[in-house]
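Indexing begins at 1, ligand by ligand and atom by atom, following the structure's order. Keep in mind it's a predicted model, so treat the numbers as computed, not measured. Below, each value reflects all heavy atoms present in this structure, side chains not excepted, and no hydrogens, waters or symmetry copies.
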Amino acid sequence: MTRSILILNGPNLNMLGTRQPEVYGPTSLADIEALCVAKAKEMGVTIDFRQSNHEGALIDAIHAARGVHAGIILNAGAYTHTSVALMDAIASVALPAVELHLSNIHAREEFRKTSYISRVVVGQICGFGAAGYPLAMEALISYIGDS
Ligand code: DQA
């Protein structure tokens, strides 16, 4: 069976390309999705690539991943630093997950150094801009293959 992964993007990531390009880079979310589709083809997996500005919609997407996807890549945006509910959602579905950020959250404001998501994921990739997405796919697929 072809393995499928959910790539979930949180608030304000629909603004990529024009949103603080000095921090997040010049690549739009549609271009990042195209990068992921190409990487998925190369790796022989399928992806479901989504974005929502709403915490509840992100939680619903995580719940719906159970039994459908082999793992989750989550760029939770600012919810990373605030959302116990998203952390609990990842923990409840018991799917391997990778936390992803375009920017290096550890080199920015103090409040960005706290991640609720980190407590429930296999690992975190941050600081590599759009290139972090295919990196996260490799990391997740390699982890799933070993588990
Ligand atoms: C982000 C980092 C978060 O701190 C920020 O709120 C975002 C984007 C990133 O990809 O670098 O919205 O998750």
Using a 3.5 Å cut-off on N or O atoms only, is [X] in polar contact with ligand 1?
X    : answer
S103 : yes
I105 : no
H81  : yes
A78  : yes

Handout entry: N12 heavy atom under 4.0 Å from ligand 1
Key =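 For ligand 1, residue contact (heavy atoms, under 4.0 Å) with N12 is absent.
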
Practice task
Report yes or no: does R19 have a heavy atom closer than 4.0 Å to ligand 1?
Solution key: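 A heavy atom of R19 does come that close to ligand 1.
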
Handout entry: For V121, the rest of its hydrophobic cluster, which grows through side-chain links under 4.5 angstrom
Key =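 Besides V121, the hydrophobic cluster comprises L6, L8, L58, I59, I62, I72, L74, Y79, V84, L86, M87, I90, V93, L95, Y116, I117, V120, listed by chain and residue number.
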
Is the number of heavy atoms from other residues, nucleotides or ligands within 6.0 Å of [atom1] ([X]) greater than 12?
X    : atom1 : value
H63  : NE2   : yes
R19  : CZ    : yes
K113 : NZ    : yes
R108 : CZ    : yes

Can you report which non-hydrogen protein atom sits closest to [atom], along with the distance?
atom                   : result
atom 8 (C) of ligand 1 : Y24 CE2, 3.5 Å
atom 1 (C) of ligand 1 : H101 ND1, 3.7 Å
atom 9 (C) of ligand 1 : L102 N, 3.4 Å

Problem - Expected output: side-chain H81 to main-chain T114 donor-acceptor under 3.5 Å - result: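 Checked: pair present.
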
Practice task
Using a 4.0 Å heavy-atom cut-off, say whether V23 meets ligand 1 through its side chain, its backbone, both or neither.
Solution key: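 Answer for V23: neither.
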
Problem - Heavy-atom pair with the smallest gap, counting every atom of S103 and C126 - result: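 Closest approach of S103 to C126: O-CB, 3.3 Å.
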
